[in-house]
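Please read all numbers here as calculations on a predicted model, not as lab measurements. Keep in mind that the numbers below use all heavy atoms, side chains included, and drop hydrogens, waters and symmetry copies.
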Amino acid sequence: MKKQENSKKASAPENQEDGKIHITDSVFKTAKEMQLQRMAEMEEQQRKLQQQAELREKKKREEYDRRILEEKKELLRMKQNPEQESTLIHEETPEPIKLTPWKKFTNFIYHSKWWLGMGIFVAACAVFLIHNLVTKERPDLVVLVLAENDYVGNSEELEHYIESFTEDFNDNGEVLVSAYYIPYSDNAQQNYATGVDTKLTAELQSAESMIVIGGEKITKILIPEAAFVNLEELYPDNPHVDKTFFYLKDTDFAEKIGITESAAGDDLFISFRKPQHLLYTDEEEMQKMYDRDFPVFDKLIKDLSE
């Protein structure tokens, strides 16, 4: 009896251990079976979807083939009886595309961008001129400085120097010369950002300023023979004159406006604008400014040539 009990006790751990292993195996097997079942269900669902797609495609092909066959029959019938109107074949007219107000607006902007750009540019020039006329103190004479040279463009002595040759043209009891500095560079983005292009166009399309102090860079966008008078005809023996330019190098210009020769640079020149019809003035008005300002220019050239 004891032997049997001992035998049971001895076998209990082994059975217990076998039970644990059996339970673990059962869990793994159950999970695996569930995964296999889900995969089978997914495959079956995918197969059904594929069958439905193939069936729809087949119906489309059959419908297309049927339509083509009907149209062929209709064409044959119309050839045999051309007076009879077709019931199948007809010219399809596309429905008009309905655009929202915003789409219409953006479409108009896209197709008119060049004209709008030109209009905005001209309007900006006009606004600039109007603002300039209203707010700027009216000088007796305006000198354009079209060079990337802050020493010359911002020199008050330059204005005082030219005032010594100027008269009280506006009869307000004092002589005032304004040097209008437009720092034109060969950097297009910089010119655009600082509004140089707009200012330059506005000034060169009006007759307010006839005397121009410029640099080499400005000659890349101007045609000197068209914009300025020929100084060789007016000062044929002057060594500083080259066609339309009176070069300031080797003159005492820098000393007279209170800067060094190195600050003045080697490419600065003085020119006088030619009367012609422009966007904001006509040739007659520009001729009046020519007759008024040329004596100042002449005195300036003679003083710098001494």
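- Counting all heavy atoms, side chain and backbone alike, Pro275 lies closest to Gln287 at CG-OE1, 3.3 Å.
- Other residues, nucleotides and ligands contribute at most 12 non-hydrogen atoms within 6.0 Å of the CD atom of Glu261.
- Between Glu63 and Arg66 there is a salt bridge, since at least one side-chain N of the basic residue sits less than 4.0 Å from a carboxylate O of the acidic one.
- Within the model, atoms CD1 of Ile213 and CG of Leu144 stand 9.5 Å from one another, a figure rounded to the nearest 0.5 Å.
- Around CD1 of Ile223, the count of heavy atoms belonging to other residues, nucleotides or ligands within 6.0 Å does not exceed 12.
- Of all non-hydrogen atoms in Pro183 and Asn191, the two that sit nearest each other are O-OD1, 4.1 Å.
- Closest approach of Ala254 to Ala264, counting heavy atoms only: CB-CB, 4.0 Å.
- Pairing each heavy atom of Arg273 with each of Met286, the nearest pair is NH2-CE, 3.5 Å.
- Linking Ile, Leu, Val, Met, Phe, Trp and Tyr residues whenever their side-chain heavy atoms come within less than 4.5 Å leaves Phe228 and Val145 in two separate clusters.
- Using modelled atom types and a 3.5 Å distance limit, the side chains of Ser305 and Asn238 yield a donor-acceptor pair.
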Would you check, one step at a time, whether the test salt bridge (charged side-chain N to carboxylate O under 4.0 Å, His left out) holds for Glu44 with Arg47?
-> CA-CA 5 Å; Glu44 178 65 19; Arg47 186 183 63 81; 2.3 Å; yes
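- The closest donor-acceptor contact from the side chain of Glu225 to the backbone of Lys243 lies at 3.5 Å or more, if one exists at all.
- By the ring-ring contact (aromatic ring centres under 6.0 Å, His included) test, Phe269 is found to be paired with Phe245, residues two or more places apart in sequence or in another chain being considered.
- The backbone N or O of Tyr161 sits less than 3.5 Å from a side-chain atom of Ser164, completing a donor-acceptor pair.
- Under a hydrophobic clustering in which Ile, Leu, Val, Met, Phe, Trp and Tyr are joined whenever their side-chain heavy atoms come within less than 4.5 Å, directly or via other members, Tyr151 and Ile182 fall into different clusters.
- Around CD of Glu284, the count of heavy atoms belonging to other residues, nucleotides or ligands within 6.0 Å does not exceed 12.
- Side-chain contact of Tyr181 with Asn149: a donor-acceptor pair under 3.5 Å is absent, judged by distance alone.
- Counting only distance, with no hydrogens or angles, the side chain of Gln205 and the backbone of Leu279 share a donor-acceptor pair below 3.5 Å.
- A pairwise comparison of heavy atoms in Pro236 and Glu233 identifies CD-O, 4.0 Å as the closest pair.
- Within the 3.5 Å criterion, the main-chain N or O of Leu278 finds no donor-acceptor partner in the side chain of Thr281.
- A donor-acceptor pair under 3.5 Å is absent between the side-chain atoms of Ser206 and the main chain of Tyr280, judged by distance alone.
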Could you walk me through whether Tyr247 and Asp266 pass side chain to side chain contact (heavy atoms under 4.5 Å, CB included), step by step?
-> CA-CA 8 Å; Tyr247 283 99; Asp266 296 334; over 6 Å; no
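- The number of heavy atoms from other shown groups lying within 6.0 Å of CD (Glu156) does not exceed 12.
- The number of heavy-atom neighbours closer than 6.0 Å to CD of Glu255, taken from other residues, nucleotides and ligands shown, is 12 or below.
- In this structure, the ring-ring contact (aromatic ring centres under 6.0 Å, His included) partners of Phe246, at least two apart in sequence or on a different chain, are His240.
- No continuous path of hydrophobic side-chain contacts links Leu204 to Tyr290 [ILVMFWY only; heavy atoms under 4.5 Å].
- In this structure, CD on Glu159 lies 9.5 Å from CG on Asn154, to the nearest 0.5 angstrom.
- Linking Ile, Leu, Val, Met, Phe, Trp and Tyr whenever their side-chain heavy atoms come within less than 4.5 Å leaves Leu146 and Leu141 in two separate clusters.
- The 12-atom threshold is not exceeded at CD of Glu167, counting heavy atoms of other residues, nucleotides or ligands nearer than 6.0 Å.
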Can you list the steps and then say if Gln50 with Glu54 is a side chain to side chain donor-acceptor pair (under 3.5 Å)?
-> CA-CA 6 Å; Gln50 183 67 25; Glu54 291 176 354; 3.2 Å; yes
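- Here the CD atom belonging to Gln189 is positioned 11.5 Å from the OG1 atom belonging to Thr194, to the nearest 0.5 angstrom.
- Remark: the backbone N or O of Val177 is paired with a side-chain donor or acceptor of Glu163 at under 3.5 angstrom.
- To the nearest 0.5 angstrom, Leu158 atom CG is 12.5 Å from Lys256 atom NZ.
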Could you please spell out the steps behind the side chain to side chain contact (heavy atoms under 4.5 Å, CB included) verdict for Val212 and Ile218?
-> CA-CA 11 Å; Val212 175; Ile218 197 65; over 6 Å; no
Phe169/Val175 under side chain to side chain contact (heavy atoms under 4.5 Å, CB included): CA gap, chis, key distance, verdict | CA-CA 8 Å; Phe169 294 130; Val175 175; over 6 Å; no
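- Nearest heavy-atom pair, Lys217 versus Ser185, reported as atom, atom and distance to 0.1 Å: CD-CA, 4.1 Å.
- Taking CG of Asp298 as the reference point, atom CD1 of Ile301 lies at 8.0 Å (rounded to 0.5 Å).
- Formation of a donor-acceptor pair under 3.5 Å by the Asp168 side chain with backbone atoms of Gly173 is found in this model.
- Atom NE2 of His277 is separated from atom CD of Glu285 by 12.5 Å, given to the nearest 0.5 angstrom.
- In this structure, Val152 is not a member of the same hydrophobic cluster as Val142, with clusters built from ILVMFWY side-chain heavy atoms closer than 4.5 Å.
- A donor-acceptor pair under 3.5 Å is absent between the side-chain atoms of Ser178 and the main chain of Tyr180, judged by distance alone.
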Between Val229 and Phe294, does a side chain to side chain contact (heavy atoms under 4.5 Å, CB included) hold up when you go through it step by step?
-> CA-CA 11 Å; Val229 298; Phe294 182 78; 5.6 Å; no
